[in-house]
Amino acid sequence: MFNDEFDFDYLFDKYQHWSTYTPEKEGVLIVYASMYGNTETVAQSLAGKLAERGIQDVAVYDVSNTHFSTLIAETFQYSHIVFSSVTYNLGIYSLMHNLLIDMKVLNVQNRICDIIENGSWTPKADSLIHQFLDEEMKQMSILDTEMTVVSTLQNSKE
């Protein structure tokens, strides 16, 4: 049934990571929910800044256009996750909220997280995602770097 080319070490390594909820690699996964493209611009800009600072493994996904199975697979791989979401009707954009629920159901844990919110009138995504990670998930470290974008990213001279 098995030939000499079967890689047991690979299987054991995957099992060890998955069974202990240990990230498979050091890197940053950026998942974003954008309605008009502005939150996407923020996510792509962040990915570029991380690359400029030498972070070699950065992945960026739009929760609106990426199948949840891909998103979940990536959350199991990466050590750091940035959630960048627009506020929608004073809540988390539904597709970002769905990702969080899928992560909870599959018990994703032991990750370092950060949150970027976007909203024109009353941005709330940061506090709601933070609350979800704190109350609904296990062992998620949330960085204390609040970032709110009001509609669109502005050029800065700094």
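Just the heavy atoms: all of them, side chains too, but no hydrogens, waters or symmetry mates, feed the values below.
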Please determine whether residues Trp18 and Leu106 belong to a single hydrophobic cluster, defined as Ile, Leu, Val, Met, Phe, Trp and Tyr linked transitively by side-chain heavy-atom distances below 4.5 Å. no
What residues form a salt bridge (Lys or Arg N to Asp or Glu O under 4.0 Å) with Glu26, not counting sequence neighbours? none
Correct closest heavy-atom pair for Cys113 and Leu133 would be CB-CD1, 4.0 Å
Of the non-hydrogen atoms in Pro23 and His17, which two are nearest, and what is the gap between them? O-CD2, 3.1 Å
Under the side-chain contact (heavy atoms from CB on, under 4.5 Å) rule, collect the residues that match up with Ser19, sequence neighbours excluded. Tyr15
Mind checking the OG-CG spacing from Ser94 to Leu99? Nearest 0.5 Å is all I need. 11.5 Å
Value rounded to 0.5 Å, distance of CG in Asp13 from CD in Glu24: 7.5 Å
Please check if the side chain of Thr66 supplies one atom and the backbone of Leu71 the other of a donor-acceptor pair under 3.5 Å. no
Which residues share a side-chain contact (heavy atoms from CB on, under 4.5 Å) with Tyr10, sequence neighbours left out: Asp7, Lys14
Linking I/L/V/M/F/W/Y whenever any side-chain heavy atoms sit under 4.5 Å apart, do Val105 and Ile81 land together? yes
Pair His130, Asp134: side-chain N/O donor-acceptor within cut-off below 3.5 Å: yes
Any link between Leu143 and Ile55 through a network of hydrophobic side chains (Ile, Leu, Val, Met, Phe, Trp, Tyr) touching at under 4.5 Å? no
Sorted by chain and residue number, the side-chain contact (heavy atoms from CB on, under 4.5 Å) partners of Asp62 (sequence neighbours excluded) come out as Tyr32, Ser64, Asn65
Criterion side-chain contact (heavy atoms from CB on, under 4.5 Å) on Leu29 and Gln77, from CA distance to verdict: CA-CA 9 Å; Leu29 169 64; Gln77 287 187 26; over 6 Å; no
Spacing of CE belonging to Met140 relative to CD1 belonging to Ile129, to within rounding of 0.5 Å: 11.5 Å
Can you find a heavy atom in the side chain of Thr22 that is under 4.5 Å from one in the side chain of Gln16? no
Partners of Asn110 by side-chain contact (heavy atoms from CB on, under 4.5 Å), sequence neighbours excluded? Tyr21, Gln139
Side-chain heavy atoms nearer than 4.5 Å, only ILVMFWY residues, links allowed to pass through others: does that put Val82 and Ile112 together? no
What are the two closest heavy atoms between Ser84 and Met96, and how far apart are they? O-CE, 3.6 Å
Applying the 4.5 Å side-chain criterion to the ILVMFWY set and letting contacts propagate, would Met103 and Leu95 be lumped into a single cluster? yes
Got a sec, which pairs hit ring pair (Phe, Tyr, Trp, His ring centres under 6.0 Å) with one end in residues 55-91, sequence neighbours left out? Tyr88-Tyr93
So, does Thr75 use its side chain to make a donor-acceptor pair with the main chain of Ile72 at under 3.5 Å? yes
Do Leu46 and Val28 make a side-chain contact, defined as non-hydrogen atoms from C-beta onward lying under 4.5 Å apart? no
Which atom names give the shortest non-hydrogen contact between Ser34 and Gly37, and what distance separates them? OG-N, 3.0 Å
Side-chain donor/acceptor of Arg111 to backbone N/O of Gln109, under 3.5 Å: yes
State, yes or no, whether a side-chain contact exists between Thr87 and Asp126 at a heavy-atom distance under 4.5 Å. no
Under 3.5 Å, side chain of Ser85 to main-chain N/O of Glu117, donor-acceptor pair present? no
